[in-house]
Protein chains: 2
Amino acid sequence: MRPHAPKLSFMANQLDSIFSALSDPTRRAVVEALTKGPATVGDLHAAHDIALPTFMRHLGVLERSGLVQSEKKGRVRVVHIEAAPLAVIEDWLTRHKAMWEARLDRLEQLATQLEASGDPPPPEKGTDT
Amino acid sequence: MRPHAPKLSFMANQLDSIFSALSDPTRRAVVEALTKGPATVGDLHAAHDIALPTFMRHLGVLERSGLVQSEKKGRVRVVHIEAAPLAVIEDWLTRHKAMWEARLDRLEQLATQLEASGDPPPPEKGTDT
DNA sequence: GATTCACTTAGCACATCAGCTAAGTGTCTT
DNA sequence: AAGACACTTAGCTGATGTGCTAAGTGAATC
């Protein structure tokens, strides 16, 4: 395993479970529904044509990933969204978009310079990871 | 199935495969490596302690999701990132963050009003999906 | 032309996932 | 107290995914 700070490894595991949780359309629909506010399991399930125990398994995946939290109130379980895990993905995207765009900026600058001089651009060197 | 515009269904399927592709640490590491620039399969594989055919299968998943593209140049295959699928996730996050934050804003406004008046807040009503 | 390199293809074993039904449990209503 | 409601638990089946080894193929090098 590549050496990491412990925090980085924890975050990588979070990314595993968050991306995995969101890779299923049923679970993504649940997250989308919950952006409008908390809901009971029954309300959430009503929008899906699968058996209730199956649906509950999907909620379990969302809860283990941290995307939602639930609490039992009498005989109903109320579910609400947790913003922090979405921020983990957003952070990952932002960091990599910045790297990607920084590289595009350098390519654009190089292309602009070479257009002015009329020379063909040299090959872009690959970098080790 | 809930009625969608065809474009929306296509995007939902894209979200399935993109989130799924990124749920695996090996594949995410490949995407991260490629933000620094194109690389050959051999270079990418060198950073991973799995068999080459297994690694190639991961690249296949990334390519089918659209996150990367590759082309054969002589006997080496060069892989590069495609930004568009990351934008699909970013768009999804942005749309849902906006909804979530709009709802938080309303709650904050309500809390501020009620702090001024000294009354307890009424329960927040759940909404149908 | 032979050899090496860089994949590519085939197929196996095992684990996990997503669907289901049936039965059970605790809470609320009658 | 009985019945209904809202989950909860258990276990099954089929599909999918991730790891592997072995063998094959085409391009570059010797």
Side-chain angles (χ1 to χ4, degrees), chain A residues 1-2 12-13 15-31 33-34 38-65 67-80 123 126 128-129, chain B residues 1-2 12-31 33-34 38-80 123 126 128-129:
Chain A
M1 179 189 286
R2 291 175 297 158
N13 289 337
L15 284 163
D16 288 357
S17 67
I18 295 167
F19 278 123
S20 178
L22 292 171
S23 68
D24 179 87
T26 298
R27 295 196 290 268
R28 224 171 33 249
V30 168
V31 170
L34 293 174
T40 65
V41 166
D43 285 344
L44 291 167
H45 174 239
H48 296 272
D49 195 20
I50 62 176
L52 180 58
T54 305
F55 186 77
M56 290 293 302
R57 288 252 295 284
H58 283 298
L59 286 190
V61 173
L62 287 172
E63 197 147 17
R64 286 192 296 283
S65 75
L67 283 157
V68 308
Q69 275 186 6
S70 69
E71 53 275 343
K72 194 79 171 188
K73 294 184 173 179
R75 67 186 184 186
V76 303
R77 182 170 288 278
V78 181
V79 192
H80 65 271
D128 289 347
T129 60
Chain B
M1 180 189 286
R2 291 175 296 160
N13 289 338
Q14 269 200 294
L15 284 163
D16 288 357
S17 67
I18 296 167
F19 278 123
S20 180
L22 291 171
S23 68
D24 180 87
T26 297
R27 296 195 289 267
R28 222 170 36 248
V30 168
V31 170
L34 292 175
T40 65
V41 167
D43 285 343
L44 292 167
H45 174 238
H48 297 270
D49 194 21
I50 62 176
L52 180 59
T54 305
F55 186 76
M56 291 292 304
R57 288 252 295 284
H58 283 300
L59 286 189
V61 173
L62 288 172
E63 197 148 16
R64 285 192 296 281
S65 76
L67 282 157
V68 308
Q69 275 185 7
S70 69
E71 51 274 344
K72 194 81 169 185
K73 296 185 169 176
R75 67 182 184 185
V76 304
R77 182 171 288 277
V78 182
V79 193
H80 64 271
D128 291 345
T129 58

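Quick note on labels: first sequence line is chain A, next is B, and so on, each numbered from 1.
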Exercise. Are the side chain of H80(B) and the backbone N or O of E71(B) linked by a donor-acceptor pair below 3.5 Å?
Worked result: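 Checked: no pair found.
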
Exercise. Judged by atom type as modelled, is there a donor-acceptor pair below 3.5 Å linking the side chain of E63(A) to the main-chain atoms of S70(A)?
Worked result: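 The answer is yes, because a donor-acceptor pair under 3.5 Å joins these two groups.
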
Less than 4.5 Å apart, side chain to side chain, heavy atoms only: is that true for [X] and [Y]?
| X | Y | value |
| --- | --- | --- |
| T40(A) | V79(A) | no |
| V30(A) | L62(A) | yes |
| L67(B) | L22(B) | yes |
| L44(A) | F55(A) | yes |

Problem set entry | Along DNA chain C, first and last positions that approach a heavy atom of chain A under 4.0 Å |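 It runs dA18(C) to dC28(C).
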
Exercise. DNA chain C: L52(A) or R27(A), which has the more 5' nearest nucleotide?
Worked result: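 Upstream on the strand: R27(A).
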
Exercise. Do any pairs count as a side chain to side chain donor-acceptor pair (under 3.5 Å) and have a residue in residues 21-30 of chain A, sequence neighbours left out, and if so which ones?
Worked result: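 Listed once each, the pairs are R27(A)-H58(A), R28(A)-D16(B).
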
Problem set entry | Pairwise distance CZ(R57(A)) to CD1(I50(A)) - rounded to 0.5 angstrom |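 Here the interatomic distance stands at 9.5 Å.
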
Using the 3.5 Å cut-off, write out each protein N or O paired with an N or O of nucleotides 26-30 of chain D and the distance between them.
residue, atom, partner, partner atom, Å
dA27(D), O3', R75(B), N, 3.4

Between [X] ([atom1]) and [N] ([atom2]), how many Å, whole number?
| X | N | atom1 | atom2 | answer |
| --- | --- | --- | --- | --- |
| D43(A) | dC7(D) | CG | C1' | 13 Å |
| M56(B) | dT25(D) | CE | P | 17 Å |
| R57(A) | dA10(D) | CZ | C1' | 11 Å |

Problem set entry | Any H58(B) side-chain N or O less than 4.0 Å from OP1/OP2 of dG19(D) |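 Result: yes.
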
